[in-house]
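These numbers come from the heavy atoms of this one structure, side chains and all, not from hydrogens, waters or symmetry mates. Proteins get letters first, then strands, A, B, ... in listed order; numbering begins at 1 in each. On a predicted model such as this, the values are computed, not experimentally measured, just so you know.
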Amino acid sequence: MNEYRGFFNICRRSLQLENVLQTGQAFRWVLDSESGWYTNTLKLYPLTPEFQIIRLKQNDSKLEYHLESSIKLESREIHNWIKQYFRMEVDVEKLCEEQWLPNDSTFKGKNLRGVRVLQQEPWETLISFICSSNNNIPRISQMCQKLSSHYGNLLNKHEFSNYYSFPTSEELCDRASVESLRSLGFGYRARYIIETAKLLVQQKKIVGIINDTEYFQYISNLYKNDYLQIREHLMGYSGVGPKVADCVCLMGFHMDDIVPIDVHIGRVAKRDYKFVASKKELAILRDTYSTMKLTKKKINYELELIRLMFKELWGPYAGWAEGILFFREISTPTTLAPISKESKKKRLFADTLYDPKNALKEPNRRQNKYIKTEV
DNA sequence: CGTAGACCTTT
DNA sequence: AAGGTCTAC
């Protein structure tokens with residue numbers, strides 16, 4: 001075993017571990033409340049295709065990490081890998097001030113709570129969010145944990161606790177079945193997981209790729225990082241609708257402008273932003289998606305318009321803005337607040353002003369106005 | 001094409 | 001009721 005330690009100078013305003021690791025983005029981080037260390041196993045791709053045991057702990061001024069690796073790695077590479085996992089190059093406070101606040105008073109005087117969007121491995125992200133449908137965070141976490149402990153590989157045998165990798169699509173096909181997953185409490189998602197794993201194994205074989213991460217990288221390149229086509233591809237997997245596909249696009253393909261629309265954010269749109277779908281907007285969208293088989297079949301046009309409204313409003317890092325709003329929505333439940341309570345906000349877009357085709361234009365994902373120069 | 005229900009399990 | 005998806009009208 002090789003051990004690596006290091007740290008980042010970073011304050012809680014920029015990153016709050018509990019608000020990033022335990023709020024429904026990643027599902028396998030485990031906190032030891034005694035010591036304050038979070039532990040998980042991650043694939044440090046492209047440094048290594050194997051999972052490594054990683055621990056994190058923060059205080060008011062720094063983030064410490066500890067890596068237990070089966071192979072030799074470069075300290076500098078590990079450091080940079082963690083940096084990209086947390087997307088540390090993105091300056092959220094600056095984004096809020098310059099990009100969100102001028103267009104949306106919702107962000108006025110609000111604590112961003114150190115919420116960030118993680119850059120995660122696409123395959124695990126896909127399976128995790130297939131598990132998320134009509135489900136709650138504690139059970140999703142439990143299910144992801146079970147996938148690892150029952151179908152992953154044991155990483156070290158000498159420690160007190162056992163740590164397992166997240167199973168590859170092949171491992172899932174070889175070791176799991178609909179019946180075994182059901183008996184572990186996956187419910188109707190058991191079938192989705194098996195079908196998705198089988199399809200991926202098949203697809204990888206066709207293009208001669210063995211690694212799940214590399215396959216999704218290949219798909220991303222194939223479609224030149226085009227969101228609509230990648231989402232269409234993702235919705236080809238069983239149990240993957242627009243919400244799950246968008247989560248994979250945002251966190252697995254780091255498409256920062258994508259806003260996954262769930263019940264919470266849908267409620268926020270109607271209640272706080274007075275969203276109403278117009279016939280014209282709906283017609284334009286239907287036309288736009290008319291040639292996309294799965295998108296046409298699975299999309300909910302009203303929710304899609306909500307997604308586009310937020311993308312227009314919040315810009316290239318709209319997905320990050322959503323993450324922060326979502327966190328606030330679930331942490332201080334206003335679910336019971338009367339919907340009749342009128343917000344001062346006016347409807348954002350008049351029918352004549354808002355053309356969803358504008359929002360459909362792909363942003364320049366390379367723009368770096370909000371990129372910090374050095375951490 | 002949009003809408004209602006079912007779908008597993010746990011809180 | 002939970003951060004949906006699928007199927008049948």
Side-chain angles (χ1 to χ4, degrees), chain A residues 19-27 115 117-118 120 125-147 177-196 199 231-232 234-252 258-271 277-279 281-290 292-307 310 319-336:
Chain A
N19 297 346
V20 174
L21 305 182
Q22 299 191 292
T23 51
Q25 278 193 66
F27 299 95
V115 173
V117 174
L118 295 171
Q120 305 199 71
T125 306
L126 177 64
I127 295 298
S128 300
F129 282 93
I130 286 175
C131 293
S132 78
S133 76
N134 195 23
N135 208 346
N136 50 57
I137 293 173
R139 181 151 82 120
I140 303 165
S141 305
Q142 188 188 59
M143 289 161 80
C144 293
Q145 220 58 261
K146 280 181 176 174
L147 286 174
S177 66
V178 176
E179 298 74 45
S180 67
L181 284 169
R182 271 194 178 266
S183 69
L184 287 173
F186 282 75
Y188 60 83
R189 300 164 199 84
R191 187 170 60 81
Y192 298 160
I193 292 169
I194 296 298
E195 287 180 356
T196 295
L199 179 55
R231 183 174 62 168
E232 171 81 6
L234 290 171
M235 289 198 288
Y237 300 105
S238 179
V240 179
K243 163 63 170 52
V244 171
D246 281 346
C247 285
V248 177
C249 284
L250 174 63
M251 290 166 254
I258 300 307
V259 182
I261 303 299
D262 55 48
V263 287
H264 294 299
I265 208 75
R267 177 174 60 236
V268 167
K270 291 173 188 172
R271 183 194 63 202
S278 78
K279 299 261 196 240
E281 293 164 341
L282 289 167
I284 293 171
L285 257 197
R286 267 196 288 275
D287 181 53
T288 309
Y289 294 158
S290 61
M292 309 190 77
K293 201 176 149 201
L294 293 172
T295 302
K296 199 169 66 170
K297 181 176 162 192
K298 296 190 177 187
I299 210 79
N300 174 315
Y301 288 97
E302 188 194 25
L303 295 182
E304 182 70 356
L305 279 177
I306 292 175
R307 186 183 74 73
F310 283 130
W320 290 59
E322 186 266 358
I324 288 155
L325 275 205
F326 176 76
F327 178 76
R328 291 178 42 202
E329 180 71 10
I330 59 168
S331 54
T332 53
T334 48
T335 318
L336 301 175

Quiz item: Rounded to the Å, how far apart are A:Lys243 NZ and C:dC6 P?
Solution: 13 Å
Practice problem: Return the 5'-most residue of the pair A:Ser238, A:Pro260 with respect to DNA chain C, ranking by each residue's nearest nucleotide. | Solution: A:Pro260
Quiz item: When the P atoms of B:dG5 and C:dA1 are considered, how many whole Å apart are they?
Solution: 15 Å
Exercise. With heavy atoms under 4.0 Å as the rule, sort A:Gly241 into base, sugar-phosphate or nothing.
Key: sugar-phosphate
Exercise. Would you kindly compare A:Asn135 and A:Arg191 by the position of their nearest DNA chain C nucleotide and give the one closer to the 5′ end?
Key: A:Asn135
Quiz item: Between A:Lys298 and C:dC6, does any side-chain N or O lie under 4.0 Å from OP1 or OP2?
Solution: yes
Exercise. Run the salt-bridge test on A:Arg307 and A:Glu304 with the 4.0 Å N-O cut-off and return the result as yes or no.
Key: yes
Quiz item: Given atom CD1 of A:Ile140 and atom P of B:dT9, what is their separation to the nearest angstrom?
Solution: 16 Å
Quiz item: When we call it a touch if two heavy atoms are under 4.0 Å apart, what does A:Arg182 touch: a base, just sugar-phosphate, or nothing?
Solution: sugar-phosphate
Quiz item: So what does A:Phe326 hit on the nucleic acid, given a heavy-atom distance under 4.0 Å: a base, only sugar-phosphate, or nothing?
Solution: base
Quiz item: Expressed in whole Å, how much space separates the P atoms belonging to C:dA8 and B:dC8?
Solution: 14 Å
Practice problem: Using Watson-Crick or G-U wobble geometry with both distances below 3.5 Å, tell me the partner of B:dC8, or none. | Solution: none
Quiz item: Should A:Arg139 be listed as having a side-chain N or O under 4.0 Å from OP1 or OP2 of C:dA1?
Solution: no
Quiz item: Looking at B:dG2, C:dA2, B:dC7, which one has an atom nearest to any side-chain atom of A:Tyr301?
Solution: B:dG2
Quiz item: If you look at every strand shown and take non-hydrogen atoms under 4.0 Å, does A:Glu302 touch a base, only sugar-phosphate, or nothing?
Solution: nothing
Practice problem: Measure from the side chain of A:Asn136, starting at C-beta and using heavy atoms only, and say which of B:dT10, C:dG4, B:dC1 lies closest. | Solution: B:dT10
Exercise. Starting from P on C:dG3, measure out to CZ on A:Phe129 and report it in whole angstrom.
Key: 12 Å
Self-check item: Position toward the 5' end of DNA chain B (nearest nucleotide), A:Asn134 or A:Pro138
Solution: A:Asn134
Quiz item: Do you know which of A:Ile258, A:Ile261, A:Leu305 makes side-chain contact (heavy atoms from CB on, under 4.5 Å) with A:Phe310?
Solution: A:Ile261
Exercise. Measure from CG on A:Asn300 to C1' on C:dG4 and round the result to the nearest Å.
Key: 11 Å
Exercise. Can you tell me the distance, in whole Å, between the CD atom of A:Gln145 and the P atom of B:dT10?
Key: 17 Å
Self-check item: Candidate list A:Ile130, A:Leu184, A:Asn135, A:Ile127, test side-chain contact (heavy atoms from CB on, under 4.5 Å), partner A:Met143, passing option
Solution: A:Asn135
Quiz item: When we call it a touch if two heavy atoms are under 4.0 Å apart, what does A:Ile137 touch: a base, just sugar-phosphate, or nothing?
Solution: base
Exercise. Please test A:Arg267 against A:His264 for side chain to side chain contact (heavy atoms under 4.5 Å, CB included), starting from the C-alpha separation and ending with a verdict.
Key: CA-CA 5 Å; A:Arg267 177 174 60 236; A:His264 294 299; 2.8 Å; yes
Practice problem: Would you kindly give the CZ-to-C1' distance between A:Arg189 and C:dG3, to the nearest whole Å? | Solution: 12 Å
Quiz item: Given that both distances must come in under 3.5 Å, which nucleotide forms a Watson-Crick or G-U wobble pair with C:dG3?
Solution: none
Quiz item: With respect to A:Ile324, which candidate in A:Val115, A:Val117, A:Asn19 satisfies the side-chain contact (heavy atoms from CB on, under 4.5 Å) definition?
Solution: A:Val115
Quiz item: Hey, is the side chain of A:Tyr188 pairing donor to acceptor with the base of C:dG4 inside 3.5 Å?
Solution: yes
Exercise. Looking at every strand, decide which applies to A:Ser128 at a 4.0 Å heavy-atom threshold: base, sugar-phosphate, or nothing.
Key: nothing
Quiz item: With A:Leu118, which of A:Thr125, A:Leu250, A:Leu21 fulfils side-chain contact (heavy atoms from CB on, under 4.5 Å)?
Solution: A:Leu21
Quiz item: To the nearest angstrom, how far is A:Leu181 atom CG from B:dC8 atom C1'?
Solution: 13 Å
Exercise. Let me know the distance between CG of A:Leu303 and P of C:dG3, rounded to the nearest Å.
Key: 16 Å
